[in-house]
Amino acid sequence: MVLKLRLVRLLNAKRISNVLSSFQPCYPFTSAAALASLQTSPDDGFQHKIKDFNFSTLFLSCTKIYLAKCLHALLLVSGNAQNIFFSTRLVNLYADVGDIASSSLTFERIRKKNIFAWNSMISSYVRNGCIQEALDCYYQLLTTSNVRPDFFTFPVVLKACNDLKHARKIHCWVLKLGFDPDVFVAASLIHKYSRLGLVGDAHILFDKMPVRDLGSWNAMISGFCQNGKAAEALDVFEEMNWKGMKMDSVTVSSVLPVCAPLNDLVMGMLIHMYVIKHGLDFDVFVSNALINMYAKLGCLGSASRIFDQMVVRDLVSWNSIISAHEQNNDIISALDLFAEMKLNGFKPDLLTLVSLASIVSQSGDCQISRALHGFIMRQGWLTEDSIIGNAIVDMYAKLGNIDSARKVFEGIPVKDVISWNTLITGYTQNGLASEAVEVYHMLEGCSGIAPDQGTLVSILPAYSHLGALQHGMRIHGRSIKTGLHVDVFVGTCLIDMYSKCGKLDDAMYLFLEMPQRSSVPWNAIISSHGIHGHGEKALMLFQKMQDKDVKPDHVTFVSLLSACSHAGLVEQGKWCFQLMQEHYGIIPSLKHYGCMVDLLGRAGQLDSAYEFIKSIPVKPDASIWGALLGACRIHGNVELGAFASNRLFEVDSENAGYYVLLSNIYANIGKWEVVDNVRSLAKSRGLKKTPGWSSVELNNKVHVFYTGNRSHPQIEEIYNELRVLLAKMKSLGYVPDFSFVLQDVEEDEKEHILMSHSERLAIAFGIINTPTKTPIRIFKNLRVCGDCHNATKLISKITERELIVRDSNRFHLIKDGNCSCGDYW
DNA sequence: CTAGGGTTAG
């Protein structure tokens with residue numbers, strides 16, 4: 001280093017630039033040392049030599065902070081630091097190498113600041129993202145200096161202001177000073193207005209422009225694109241083409257991002273061809289935009305090809321290709337690319353980590369999730385931006401770690417509507433519907449944030465899950481008020497909500513009213529008919545869907561197969577399963593296989609179900625064996641049930657529900673010792689049976705009843721009602737089915753146990769508290785037992801009420817002593 | 001010595 005400094009002094013000034021640019025980053029103290037050395041031992045000859053040197057070329061070679069400082073030192077030493085040209089250039093140089101503090105310090109030291117200096121300072125702040133400082137600097141220019149802003153000032157200041165109030169104020173200044181016709185100023189104003197969504201204002205200015213260069217067209221288009229106004233952007237885009245204006249790389253990279261939201265792959269490909277024809281693919285922005293366009297439209301191959309062909313890649317390119325793989329569910333390649341990115345010397349930024357969080361949640365690795373969270377905290381990104389916080393909330397929620405999700409949510413300094421939506425969805429997806437509702441009420445009550453489309457989509461499934469029709473209808477009303485009911489996703493959630501609350505007719509009415517171009521609403525209405533036991537109707541709807549050329553997806557077939565399974569349509573189910581693979585080329589997932597096992601098993605074809613499992617090309621998971629075990633429970637096949645549960649506990653020994661199923665099988669045939677063994681096995685593994693509960697909605701409040709729990713204030717009344725009903729039921733020929741009592745007790749006791757099932761408490765509560773002959777809707781978290789199913793039928797006859805019971809498995813739509821969704825199994 | 005319009009996200 002010392003040697004190098006000596007060199008600096010000995011060489012003539014013209015060589016200095018070469019020496020400076022050869023400095024390596026391993027000399028972090030070079031600039032300070034150079035400054036000290038040059039100041040303490042000034043060499044007259046050297047100073048004399050650099051006095052007349054043209055520093056302009058030196059500015060170009062300074063690309064790092066220490067080089068900028070070095071140059072600053074040389075300017076000081078050579079007595080050039082007071083020169084306003086050089087100081088202004090220094091202001092810009094420091095800003096360009098990212099040292100905004102030195103930049104502003106240099107600016108402060110300029111004694112007589114001219115408009116060049118002011119403009120440079122404001123622009124430096126903007127380039128470094130210091131928006132407030134830029135505006136402050138501008139107002140300082142207006143109020144404290146004798147210098148007047150010029151037409152260079154306004155474009156920069158406009159870039160800094162993000163709200164309408166400021167933009168209008170600037171516009172007034174522009175008019176006052178007569179800069180209106182200047183192309184640059186006008187284009188900046190146009191861009192700002194179109195970006196703020198003021199279509200009209202942007203158009204007025206645009207039409208008034210005497211000369212329009214390509215930049216003005218681009219300003220107009222990009223403003224609309226960034227504001228989400230795709231249609232307006234395309235109008236301008238077409239007009240531009242029509243007027244013979246050739247688009248450049250800026251036009252292309254502004255317009256490409258609107259292809260995906262419009263689902264317009266053709267336009268994307270046309271632009272891509274234009275890009276190739278005009279050689280614009282060497283522009284990094286253009287290639288990045290192309291990668292993102294293809295990735296979002298599901299063409300991962302095209303995205304990868306563009307990435308591979310890129311000569312120069314930046315951080316955005318890497319982020320884009322990683323998120324492309326993440327969005328298209330190729331997490332292995334996404335992780336490989338992440339490693340490759342680091343090998344290429346790129347440091348991950350906030351957006352890399354957002355993609356990574358999503359990858360981790362798909363991979364299901366809880367350990368990595370905590371490491372990722374730690375890394376993000378250490379970077380200080382969590383306090384900087386809500387986006388990364390939201391991504392972490394989502395990640396934890398998807399991994400089932402809802403408590404951590406909640407904690408991170410609480411820590412987000414400025415929560416936006418997506419923070420709330422993510423948490424609500426997290427609770428719903430983890431089966432915690434009432435917590436989701438609680439968070440939704442907090443959002444409505446005290447957050448000051450307006451719910452959006454995403455909020456409705458996140459809260460509606462919670463209400464469907466709780467069977468809370470009145471609440472769900474309130475959301476429906478709300479969506480009509482805000483015009484969101486025409487949204488396909490909101491509409492689909494409403495269909496789901498109405499059908500899960502027993503209102504299949506209303507669900508169908510909504511379905512007929514909404515656009516049916518995508519598979520999403522079809523899947524919802526098919527599954528609605530499925531859970532109501534209307535398998536034939538579900539198949540008819542599927543036929544209609546095909547007639548209308550709507551392409552079914554893997555979800556469609558899950559809905560269809562489970563509809564067939566609930567209605568006992570074995571042959572039709574098999575046909576669907578074949579059609580899915582042969583005609584639509586959909587590779588069955590474990591969900592589809594599970595449905596098939598359920599279909600065969602429910603229908604009593606237990607051996608075929610087992611043979612089917614053996615034919616599955618992938619390793620069966622717990623849900624597959626669980627379906628077989630459930631079928632064995634229905635059909636009382638002890639042997640196969642024991643076999644299935646052994647396989648089951650190999651893959652999942654943590655789910656208490658499966659132990660209950662197994663013990664039920666043995667309880668049914670009176671093998672109480674085995675029942676005890678299974679129960680103590682579950683106990684020794686620390687598992688607790690999920691307590692059964694039922695809920696009923698009354699006056700906008702959800703009342704929850706636990707089996708055998710006597711804590712409700714009206715409990716005496718409820719049991720009285722049940723005793724009266726029991727007597728009437730017996731007179732109609734009711735005989736309790738004790739096979740559903742899984743304890744080894746006396747018959748009297750068994751009768752009482754059946755009567756204390758949570759669904760009966762809820763029904764009795766409903767009967768007491770609602771007008772006669774009105775329908776009652778019950779929701780149960782587990783399956784309704786066969787005895788309760790029969791009892792409910794009789795109660796409906798006695799009370800002349802419609803009883804709608806939804807359990808974790810299906811619907812029981814009971815009226816006049818019959819269940820319109822078919823009988824128990 | 002100073003200026004407008006561009007790509008990635010939950």
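Here is how names work: the chains are called A, B, and so on, in the same order as the sequence lines, proteins then strands, and each is numbered from 1. In this text, all values refer to a predicted model and were calculated from it rather than measured experimentally.
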Atom CG of A:L214 and atom C1' of B:dG6: how far apart are they, to the nearest Å?
11 Å
Closest to the A:R89 side chain, choosing from B:dC1, B:dA9, B:dG6
B:dC1
Among B:dG4, B:dG6, B:dT7, which is the nearest nucleotide to the side chain of A:S222?
B:dG6
For a quick check of understanding: with a heavy-atom distance under 4.0 Å over all strands, which category does A:D248 fall into, base, sugar-phosphate or nothing?
base
Would you mind classifying the nucleic acid contact of A:V91 as base, sugar-phosphate or nothing, using non-hydrogen atoms under 4.0 angstrom?
nothing
Confirm from the modelled atom types if A:S253 and B:dG6 form a donor-acceptor pair under 3.5 Å, side chain to base only.
yes
A:F85-B:dC1 aromatic stacking (under 5.5 Å, under 30°)
no
For ring pair (Phe, Tyr, Trp, His ring centres under 6.0 Å), just list the numbers for A:W118 and A:Y138, CA-CA rounded to whole Å, side-chain angles, deciding distance to a tenth of an Å, and then say yes or no.
CA-CA 8 Å; A:W118 283 101; A:Y138 171 66; 9.6 Å; no
Of the listed nucleotides B:dT7, B:dC1, B:dG4, the one nearest the side chain of A:N114
B:dC1
Go through the N and O atoms of the side chain of A:D283 and the base of B:dG6, and report whether any donor-acceptor pair is under 3.5 Å.
yes
Inspect the surroundings of CE in A:M269 and state if more than 12 heavy atoms from other residues, nucleotides or ligands are less than 6.0 Å away.
no
Between B:dC1 (P) and A:D150 (CG): distance, integer Å
15 Å
If the cut-off is 4.0 Å, is A:K296 near the phosphate of B:dA9, judged by side-chain N/O to OP1 or OP2?
yes
Is there a donor on the side chain of A:S386 or the base of B:dG10 sitting less than 3.5 Å from an acceptor on the other?
yes
Just checking, any donor-acceptor pair under 3.5 angstrom between side chains of A:S317 and A:D314?
yes
Give A:T251 one of three labels, base, sugar-phosphate or nothing, depending on what nucleic acid heavy atoms sit under 4.0 Å from its own.
nothing
Please answer whether B:dG6 and A:F285 are stacked, defined here as ring centres separated by less than 5.5 Å and planes angled under 30°.
yes
Assess whether one donor atom and one acceptor atom, taken from the side chain of A:D416 and the base of B:dG10, lie less than 3.5 Å apart.
yes
Of the candidate nucleotides B:dG10, B:dT8, B:dT7, which contains the atom at the shortest distance from the side chain of A:S320?
B:dT8
Identify whether any heavy atom of A:S87 sits under 4.0 Å from a base atom; if not, whether one sits that close to sugar-phosphate; answer base, sugar-phosphate or nothing.
nothing
Separation of A:I392 atom CD1 from B:dA9 atom P, in whole Å?
17 Å
Criterion side-chain contact (heavy atoms from CB on, under 4.5 Å) on A:T251 and A:W217, from CA distance to verdict:
CA-CA 8 Å; A:T251 327; A:W217 287 96; over 6 Å; no
For A:Q327 and B:dT8, is the shortest distance between a side-chain N/O and OP1 or OP2 below 4.0 Å?
no
Can you tell which of B:dG6, B:dT8, B:dG4 lies closest to the side chain of A:A187?
B:dG4
Minimum-distance nucleotide to A:T88 side chain [options: B:dC1, B:dG10, B:dT2]
B:dC1
Under 4.0 Å between any heavy atoms, over every strand shown, what does A:N319 touch: base, sugar-phosphate, or nothing? Just pick one.
base
Rounding to a whole Å, what distance do you find between A:L205:CG and B:dG4:C1'?
13 Å
Contact under 4.0 Å: A:K159 side-chain N or O vs B:dA3 OP1/OP2
no
Distance-only, no hydrogens or angles: does the A:N83 side chain make a donor-acceptor pair with backbone N or O of A:F85 under 3.5 Å?
yes
Mind calculating the distance between OH (A:Y94) and P (B:dT2) to the nearest angstrom?
18 Å
Before we go on, tell me: are the rings of A:Y440 and A:W420 under 6.0 Å apart, centre to centre?
no
Winner on side-chain proximity to A:V354, out of B:dA3, B:dG6, B:dA9, is B:dA9
Side chain of A:E326, heavy atoms from C-beta onward: which of B:dA3, B:dG10, B:dT7 has the nearest atom to it?
B:dG10
Nearest-Å distance for atom pair CG/P, residues A:L189 and B:dA3
18 Å
Checking all strands, does A:S120 fall into the base, sugar-phosphate, or nothing category for heavy-atom contacts under 4.0 angstrom?
sugar-phosphate
A:D213, nearest nucleotide to its side chain (from B:dT2, B:dC1, B:dG4):
B:dG4
Taking atom types as modelled and ignoring hydrogens, do the side chains of A:N390 and A:T422 form a donor-acceptor contact shorter than 3.5 angstrom?
no
Whole-Å gap separating C1' (B:dA3) and CZ (A:R127)
11 Å
A:A289 side-chain proximity, nearest of B:dG10, B:dT7, B:dA3
B:dT7
Interatomic distance, A:I84 CD1 vs B:dC1 C1' [rounded to whole Å]
9 Å
